[in-house]
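These notes are about the structure you will find just below.
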Amino acid sequence: MTATLRRVVVACSLVLLAVAADGASASPPKLVVVLVVDQMRGDFITRYGSQWTGGLRRLADDGAWFSRAAYPYLATVTCVGHATVSTGAFPRTHGIVGNAWVDRESGRSVGCSADPRLATISYAAPAEGGQGPWRLQTATLADELRTQLPVPARVVTMSLKERTAIMLAGHRADAVTWFSIAAGGLVTSSAYTSAPVPFVAAFAKANPVSADLGKIWTRTLPAERLLFADAGRGEKPAPFWSAEFPHPLNGKDGTADAQFLEAWESSPFSDDYLGRLAIASVDALKLGQGPSTDFLGVSFSALDLVGHDFGPTSHEVQDTLVRLDRTIGALLAHLDRTVGAGNYVVAFTADHGAAPIPEQAANLGVNAGRLDAALVRQAAQTALEAVLGSGAATVRSQYGDLILEPAAAELLRRNPRAADEVLRAIKAVPGVGAAFVAEQLYTHAAAGDPDARAALLSYYPGRSGDLIVLPKPYWFFVAADGSPQPGSATTHGTMYGYDQHVPIILYGSGIKPGEYTRPVTPADIAPTLAYLCGVTLAHAEGDVLTEALAPRARTNQRGR
Ligand SMILES: [Zn+2]
């Protein structure tokens with residue numbers, strides 16, 4: 001053996017020893033942590049990352065960062081994104097096509113997680129309404145970890161929003177917790193438990209949201225460390241706040257009323273609260289410290305509420321991230337102490353991005369605007385009456401999904417010239433970029449039309465529209481039907497880059513750090529985590545992100 005060869009052999013042996021000695025790469029993770037930041041655009045990492053020193057910095061520096069990750073579909077909204085992350089499937093498969101859609105039987109808009117058969121179980125004041133996972137058509141990663149592992153995973157998720165906590169968890173869980181303004185605190189659903197979960201009840205009692213009453217949200221960093229202007233053109237804060245810092249968390253009459261709760265959830269204080277609840281759940285259930293692999297999912301909602309009102313370049317968005325950097329840093333430090341560094345794996349991502357505020361884009365000469373869903377619906381209605389006769393059509397709509405009477409839908413399917421007339425009328429509405437009869441999506445997609453491909457990935461027959469309408473770039477729908485934020489400064493929900501591009505960072509057990517530039521999608525997250533945990537997903541459409549996997553020793557994966 002030559003000296004050079006010997007050095008190579010010795011070096012290789014050392015590498016093998018290192019791999020074998022490193023428990024992280026030989027065993028499944030003890031805890032899977034999925035962190036979703038609502039409305040976090042992919043470019044926030046490069047644009048604002050120098051403002052971070054805590055958990056976001058640690059994930060970006062020491063994780064496997066997929067810098068070109070993007071959702072490939074049209075329906076880039078919250079419930080859809082969370083279902084995609086948790087199942088590894090696209091909406092055409094998991095069935096969650098929006099935050100809400102028009103139910104064809106009742107003709108009414110139904111929320112993605114609304115379930116009238118269920119009850120709210122409150123940790124604060126009593127509240128109405130039932131929420132659950134029944135409209136989700138596939139199992140989640142967490143469901144599979146409960147089902148397939150010899151010792152079922154404990155599953156805990158939390159968010160401000162019911163739909164995000166529910167979609168991250170799936171069909172059964174140990175604790176699924178969200179925040180309700182009506183209840184004035186944390187709640188869960190009879191879908192998951194028949195009584196308050198003791199550790200959540202203890203947390204809620206020891207940490208009432210009203211403890212933040214009277215606090216003032218100010219910038220963490222000096223203003224000169226932040227980019228862009230504080231009061232940007234077109235910002236639309238809630239009536240009790242101005243476009244500039246500071247933002248007080250006050251009630252109308254000095255109490256913790258609905259105005260205070262709305263201000264609180266639209267501030268980084270709510271993210272901080274979720275971070276503390278996450279830490280409390282790790283301690284209470286000893287997550288990641290048992291014989292199996294557990295699951296912790298946290299969806300941080302404040303950035304979405306802040307982003308809708310102040311826009312993606314605002315000081316408010318930047319400060320929300322600066323504070324989230326600390327919140328996530330505290331959570332990771334706690335996991336290091338309890339579960340052990342290298343024993344847990346984190347998947348960090350977002351459910352969608354956001355468009356620039358139209359007034360700011362227009363100021364730079366870009367054709368941008370808000371597209372009134374009612375105008376699109378009226379144009380469709382008028383055109384349908386012209387070609388099919390009056391009384392033929394009552395058009396219902398949810399943003400760009402138009403739902404027709406069954407007879408009208410059938411006539412358009414059989415009469416392509418009539419369909420063309422209706423589509424032409426819809427496309428004449430300023431801000432409309434494209435429109436399809438739903439059945440045409442298949443042929444247009446097969447012919448390579450990128451808009452049709454994106455729409456088809458989020459098309460689920462019976463839930464999506466009979467007509468699908470897409471805005472032009474830098475335009476977005478404002479509604480009309482049941483929109484929670486008809487007047488917001490900006491939003492998301494299109495197939496354009498600013499809505500589709502999100503961060504994906506994998507970190508910890510079994511992960512090889514680095515920047516990876518292959519275009520991937522958040523549907524790849526669940527398959528990758530499933531692979532690391534040794535379970536199978538029945539319906540996944542995403543792929544394992546193999547380039548980010550650390551080599552692992554070929555031992556009995558469950559022999560620990
Ligand atoms: Zn949103």
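What you are looking at is a predicted structure, and each value in this text was computed from that prediction instead of being measured. All ligand and atom numbering here is 1-based and tracks the order in the structure.
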Open item on the list: Within rounding of 10°, what is the angle whose vertex is the Zn ion (ligand 1) and whose arms end at NE2 of His492 and NE2 of His308?
Closed with: 100°
Open item on the list: Tell me every residue that passes side chain to side chain donor-acceptor pair (under 3.5 Å) with Arg108, counting only those two or more places apart in sequence or in another chain.
Closed with: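 Side chain to side chain donor-acceptor pair (under 3.5 Å) check on Arg108 returns nothing, list empty.
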- [ ] Could you pull out all residues at least two apart from Asp143 that satisfy side chain to side chain donor-acceptor pair (under 3.5 Å)?
- [x]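 Asp143 satisfies side chain to side chain donor-acceptor pair (under 3.5 Å) with Thr140, His171 once adjacent residues are dropped.
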TODO: For the Zn ion (ligand 1), decide whether Asp304 has an N, O or S atom at a distance under 2.8 Å.
DONE: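 Given the 2.8 Å cut-off, Asp304 counts as a ligand of the Zn ion (ligand 1).
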- [ ] Tell me, please, if His352 has any N/O/S atom, main chain or side chain, under 2.8 Å from the Zn ion (ligand 1)?
- [x]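 Given the 2.8 Å cut-off, His352 does not count as a ligand of the Zn ion (ligand 1).
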TODO: Measure up the Tyr73 and Phe90 rings against each other and bin them: parallel (under 30°), tilted (30 to 60°), perpendicular (over 60°).
DONE: perpendicular
TODO: Examine Tyr273 together with Phe203 and report whether their ring centres are nearer than 6.0 Å.
DONE: yes
